[in-house]
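By convention here, the first residue in the shown sequence is residue 1.
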Amino acid sequence: MISGANLYAVAKAMAPLYTAMALGYISVKYLRAFTPDQCAGINHFVALYALPLLIFRMVASNNPYTMSGRLLAADTLQKIILLAILFAWAYWANNRQKKSPPSASSSTPLQWVVTIFSLASLPNTIIMGVPLLGGMYGSMSAGLMVQIVVLQFCIWYNLVIFLYEYMAAKRAVLAKGHQVLPARVTEQISKSEVAMQEKESSTEATQTQNEVCVTIIEAAELATSDQSETSEDETSQPEIPKTGIQVTAKVPDQRVHEETPVPTVAVKVVVSMAMKKLLKIPNTYASFLGLLWSLMASKVGIRLPEIVDDSLAIVSTTAVGLSMFTAGTFLARQTQFIPCGYSKAILSILIRFIIGPLLMAITSFAMGLHGTLLHIAIVQAALPLAVSSFVYAEEYKLHADIMSTGIIIGNFVSLPFTIMYYILTGL
């Protein structure tokens, strides 16, 4: 059972987070100590240096040979099922948008896939999970939390970053057109455009929208003066003939840019661009170098030299604090306390604390988890949103308002939710 000392341990873990966030909020809102560019620079430092070093230390210190296979299988299955559902929805939504394209300001289905996946399946297992679950299930839960974090850093955050880079590469292709594509892709796109134009011309007779008809008058006979019954000051009006030459000029449709299908070769180019960018991101190297070191060090029985570990620690320890600091600066630059709106905030809470744990419970039963391991799997899925999810959302400028709201509100409401799941799993 959770004692008062355990609750104090949770409050002690949460207090530094809100202290850093409050400092960031006050610095921008009242002291005007940082400009938006400087705030972006701090967030960029966290994404480029602090988080990768934290990832390396976490992964390198884990023993991969003692990891719980069933727990990790249940966690992996949860995320695979969630991604399958989200991508199926995105495919359906894309087909629907072709019939009625959304406004330019609305988010694409793929953007919502990344956001919902992060909300539902990437909890704050280290900062909140270790003290909270330690009070519920003892010291064994700390090692399990580290295992889940290692899997997140090695696979799922790299997947999220790849999707961010894929969307960025796709926007670059659509913005610059043929300039960023090879000649063979440009030729294929040109053929696709010609085919679309031929298809449009075949139905041109029935499509009158966005067309301007210009009628050229071939000849007109002026009325003779003897047929005029009006005064001399009144000029005769020419009679426009009923037949003539019509020239049709199409007005460019603003939705053509959105509706033009990207050829398969162009999709491969976008994926290639995203992969090349992913390989340049420190997170990728940090996770896999850490995994490689842990495999070797755990087998041989060695550790990182103290001078190396301390050098990495002095930067990596700033990751969490600066992440919360940037969340505070982001909140201070918004016009309202809940920047994403109350409806999206409520939806994000439901996704984080209802959908995620429910799906984790299903996959845990499917993997045969039982007893304390089953309870830990379900309760850790109800932890608040990971701070690093906001860092990446702010770095790529995608739904950072939703992520910041998920962190701020999530840290407050996570305790009653986790206690509720603790009681339910113990029945």
Review item, side-chain donor-acceptor pairs of residues 143-153, under 3.5 Å, at least two apart:
| from | atom 1 | to | atom 2 | distance (Å) |
| --- | --- | --- | --- | --- |
| Gln147 | OE1 | Ser68 | N | 2.8 |

Nearest 0.5 Å, please: how far is [atom2] in [Y] from [atom1] in [X]?
X	Y	atom1	atom2	result
Lys344	Thr115	NZ	OG1	9.5 Å
Ile355	Met360	CD1	CE	15.0 Å
Ile26	Leu31	CD1	CG	7.0 Å

For a 4.5 angstrom cut-off between non-hydrogen side-chain atoms, does [X] reach [Y]?
X	Y	answer
Trp293	Ile302	yes
Cys39	Phe330	no
Ile281	Glu165	yes
Tyr285	Phe56	no

Within the distance-only criterion (no hydrogens, no angle test), does the side chain of [X] pair as donor or acceptor with the backbone N or O of [Y] below 3.5 angstrom?
X	Y	value
Ser298	Leu295	no
Tyr164	Lys397	no
Lys79	Ser121	yes
Ser272	Lys268	no
Tyr18	Met324	no
Thr363	Ala74	yes
Thr329	Thr326	yes

Nearest heavy atoms of [X] and [Y], plus distance in Å:
X	Y	answer
Ala120	Leu82	CB-CD2, 3.6 Å
Phe288	Cys154	CZ-O, 3.7 Å
Ser287	Val59	O-CG1, 3.7 Å
Phe417	Ile354	CE2-CD1, 3.9 Å
Leu359	Gln78	CD2-O, 3.5 Å
Ser107	Trp112	CB-NE1, 3.3 Å

Heavy-atom count around [X] [atom1] within 6.0 Å, excluding the residue itself: above 12?
X	atom1	result
Leu279	CG	yes
Gln336	CD	yes
Arg303	CZ	no

Requested in this report: Classify the angle between the aromatic ring planes of Tyr30 and Tyr25 as parallel (below 30°), tilted (30 to 60°) or perpendicular (above 60°).
Outcome: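 Tyr30 vs Tyr25 ring planes: perpendicular.
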Query raised in the report: Pick one: which of Leu86, Ile161, Val160 meets side chain to side chain contact (heavy atoms under 4.5 Å, CB included) with Val114?
Result: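 Between Val114 and the candidates, side chain to side chain contact (heavy atoms under 4.5 Å, CB included) is satisfied uniquely by Val160.
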Report all side-chain donor-acceptor pairs from residues 366-391 shorter than 3.5 Å, counting only partners two or more places apart or in another chain.
| from | atom 1 | to | atom 2 | distance (Å) |
| --- | --- | --- | --- | --- |
| His375 | NE2 | Thr425 | O | 2.8 |
| Gln380 | NE2 | Ala377 | O | 3.1 |
| Ser388 | OG | Tyr157 | OH | 2.8 |

